[in-house]
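All remarks here apply to the structure that follows.
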Protein chains: 2
Amino acid sequence: MNKNIPEIYDLIQELSWRFGNHGFNGECCGDLSLIEFMTLKKIDECKEITIQEIGNAINFTKSGASKIIDRLESKGYAIRADSPVDGRLCCVLTTEKGRETLSGIVKQYTLNLNNILREIEPQEVDQIRESLTILVDALQRYKEG
Amino acid sequence: MNKNIPEIYDLIQELSWRFGNHGFNGECCGDLSLIEFMTLKKIDECKEITIQEIGNAINFTKSGASKIIDRLESKGYAIRADSPVDGRLCCVLTTEKGRETLSGIVKQYTLNLNNILREIEPQEVDQIRESLTILVDALQRYKEG
DNA sequence: TAAAAATAGTTGACGACGGAAACCATCCGC
DNA sequence: GCGGATGGTTTCCGTCGTCAACTATTTTTA
């Protein structure tokens, strides 16, 4: 095992914690919980996605996914539409309001991050981006096979 | 703003999500939730810590913190002890079983991470460690002032 | 082609979990 | 030594996700 792994594990854990639901002083994503936010983001990325797929994407049961959509729908951020090809399926879409909220949250987070990294040298910031890319890609590959 | 910030934000979010409570197929930390695990870790690092301090550390109310300790205590991973200096205070400590469980979880996570990074070049792994260190340090400084 | 099985989604009951506030015990300033 | 402050616990409550039962639609099969 590479000697750096334990330390990397620890660093990732710390990072995840601070960016998770309890970091940022509990202030997460406006009127969305972290899960609602990630779900909305997923819906927006996919343009159109079924309840089942949402459940798989966020590791929830279809029942749990359905209730998250209930909440997003009641806040006006997403809507359910009938599938034209299969009457059982339910296509979930983001609304314009949902997209605006999403980009507002991203903007806020990005500003925060910019403050956090304010004093870091540009070439180091570049290195951080590269490293994270490698890391996330490796995770993706690992997940897929 | 540095051009890389939005992408870095996105990468961190992705990373956090996968290492958070819902990543790893919901398999988090044995019989501990992520919060219980982080709390136990914090207790172990501090050797001895009050309920209030735990609450601050994990962004919970003292009430919530007290209940987490209830759970950790019922599982045999932590114990409450009276403070010798102040009768109101409650010193929380890890038990031997708690420490074993903690290190077991860390070992498991570390092995997973090793698999994930198996195909990454050593010098890249080194770069990842460096980058994450810079990032976490920056977060720490930001939090402190 | 009609019945049976499979699949997608919803709903209701339930348990787990944190927060708010009231409460208790202990400590500190006067 | 009394009154306020502080740390912790407890009770009540709202939120949330799962399980299992149910409905509706589609696919399989005999």
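Numbers restart at 1 for each chain; the letters A, B, ... are given by sequence-line order, proteins then strands. Just the heavy atoms: all of them, side chains too, but no hydrogens, waters or symmetry mates, feed the values below.
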Working for side chain to side chain contact (heavy atoms under 4.5 Å, CB included), residues A:Tyr109 and B:Ile5: CA-CA 10 Å; A:Tyr109 259 125; B:Ile5 301 285; over 6 Å; no

Nearest-angstrom distance from the residue atom CD of B:Glu48 to C1' of D:dG7: 15 Å

side-chain N/O B:Arg88 vs D:dT9 OP1/OP2, d < 4.0 Å: no

Under 3.5 Å donor-acceptor pair, A:Lys67 side-chain atoms to D:dT18 base atoms: yes

Between B:Asn2 and A:Asn114: side-chain donor-acceptor atoms closer than 3.5 Å: no

Given DNA chain D, 5'-ward residue of the pair B:Gly64 and A:Asp86, judged by closest heavy atom: B:Gly64

Nearest-nucleotide 5' precedence on DNA chain D, A:Val85 against A:Ala65: A:Ala65

Which nucleotide in C:dC17, D:dG17, C:dT26 has an atom nearest any side-chain atom of B:Arg71: C:dC17

Interatomic distance where CG belongs to A:Asp82 and C1' belongs to D:dT25 [whole Å]: 12 Å

Any N/O donor-acceptor pair, A:Ser63 side-chain to C:dT11 base, under 3.5 Å: yes

Heavy-atom closest pair, residues A:Ser16 and B:Phe19: OG-CB, 3.3 Å

Protein-nucleotide distance (A:Leu32, atom CG; D:dC16, atom P), rounded to Å: 11 Å

Euclidean distance, atom CD1 of residue B:Ile54 to atom P of C:dG18 [Å, nearest integer]: 13 Å

Spacing of A:Leu139 atom CG and B:Leu113 atom CG [to the nearest 0.5 Å]: 8.0 Å

N/O donor-acceptor pair, side chain A:Thr50 with base C:dA8, under 3.5 angstrom: no

Nearest listed nucleotide, side chain of B:Lys62, among D:dT9, C:dG19, C:dA8: D:dT9

Nearest-0.5 Å distance, CD1 of residue B:Ile116 to CG of residue B:Leu111: 11.0 Å

Value in whole Å for how far the P atom of D:dG7 lies from CD of B:Glu53: 9 Å

Distance below 4.0 Å between A:Arg80 side-chain N/O and C:dA8 OP1 or OP2: no

Whole-Å distance separating the CD1 atom of B:Ile68 from the C1' atom of C:dG19: 12 Å

Nucleotide nearest B:Phe60 when distance is taken to its side chain, options C:dG18, C:dA8, D:dG17: C:dG18

Residue-phosphate contact under 4.0 Å: A:Thr61 side-chain N/O, D:dG17 OP1/OP2: no

A:Asp70 CG - C:dA8 P separation (whole Å): 19 Å

Protein-nucleotide distance (A:Ile58, atom CD1; D:dC16, atom P), rounded to Å: 13 Å

